Peer 1: 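Pasting in a structure now, in structure tokens, and then I'll have a few things to ask.
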Amino acid sequence: KAGVTQTPRYLIKTRGQQVTLSCSPISGHRSVSWYQQTPGQGLQFLFEYFSETQRNKGNFPGRFSGRQFSNSRSEMNVSTLELGDSALYLCASSLDGEVPEAFFGQGTRLTVV
Amino acid sequence: EDQVTQSPEALRLQEGESSSLNCSYTVSGLRGLFWYRQDPGKGPEFLFTLYSAGEEKEKERLKATLTKKESFLHITAPKPEDSATYLCAVRGSSGGYQKVTFGTGTKLQVIP
């Protein structure tokens with residue numbers, strides 16, 4: 001059974017650019033959540049999607065957005081990148097959202113220069 | 001605002017030396033408390049979910065317990081392969097939204 005797949009694994013962007021990260025959940029899972037992990041702040045919740053609808057969201061600025069497609073794959077977009085956006089971005093999938101953080105991907109390491 | 005505090009920040013144990021990790025929390029409308037294990041360079045690996053005070057869950061050498069204010073992860077006779085960062089998180093409900101708040105983790109090192 002394939003796990004949660006995040007692409008790309010590593011990304012370097014310039015301040016002011018935008019970036020799109022992708023997450024393919026485990027087959028059959030309908031809930032996808034996104035997190036930002038930094039050494040200083042730890043894991044912080046960005047948002048959760050369930051059946052193509054944003055169900056929950058954290059306290060991040062509007063530059064951070066996401067969407068989920070009918071096949072449950074999800075994308076996260078960050079516009080007007082800032083140096084402080086450098087982090088490991090993790091996505092997690094769950095069958096029905098009861099334990100939405102059940103399975104995490106390896107993450108995308110974003111570096112903003 | 002929901003808060004999760006984990007202690008200690010780091011713990012070094014000899015193989016076979018049992019200990020406990022602490023997770024103190026404040027949350028609006030607890031919808032679950034989660035424990036994860038994270039190895040360097042990898043995403044967190046789910047261990048347990050606890051929903052109500054008095055609940056306990058076990059898996060191999062790990063046992064998680066929950067009270068109204070804190071959770072403990074007990075590690076019995078740890079092995080070097082138990083070395084990892086252990087994360088605690090709570091899912092709370094407020095204003096129609098649910099939000100997950102993580103602690104900053106306890107880095108466990110088990111020495112042979």
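Every chain is numbered from 1, with letters handed out A, B, ... down the list of sequences. What you see is a predicted model, and the numbers here were worked out from it, not measured in a lab.
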Peer 1: What part of B/Gln38 lies closer than 4.5 angstrom to a heavy atom of chain A: side chain, backbone, both or neither?
Peer 2: side chain
Peer 1: Give, as side chain, backbone, both or neither, the part of A/Gln37 having an atom under 4.5 angstrom from any heavy atom of chain B.
Peer 2: side chain
Peer 1: To the nearest 0.5 Å, how far apart are CG in B/Asn22 and OG in B/Ser7?
Peer 2: 4.0 Å
Peer 1: Could you check whether B/Arg61 pairs with B/Asp82 (Lys NZ or Arg NE/NH1/NH2 to Asp/Glu carboxylate O, under 4.0 Å)?
Peer 2: yes
Peer 1: Quick one: are the ring centres of A/Tyr49 and A/Phe47 less than 6.0 Å apart?
Peer 2: yes
Peer 1: What part of A/Leu43 lies closer than 4.5 angstrom to a heavy atom of chain B: side chain, backbone, both or neither?
Peer 2: both
Peer 1: Compute the centroid of each ring, for B/Phe102 and then for B/Tyr36, and state whether the two points are separated by less than 6.0 Å.
Peer 2: yes
Peer 1: What part of B/Leu47 lies closer than 4.5 angstrom to a heavy atom of chain A: side chain, backbone, both or neither?
Peer 2: neither
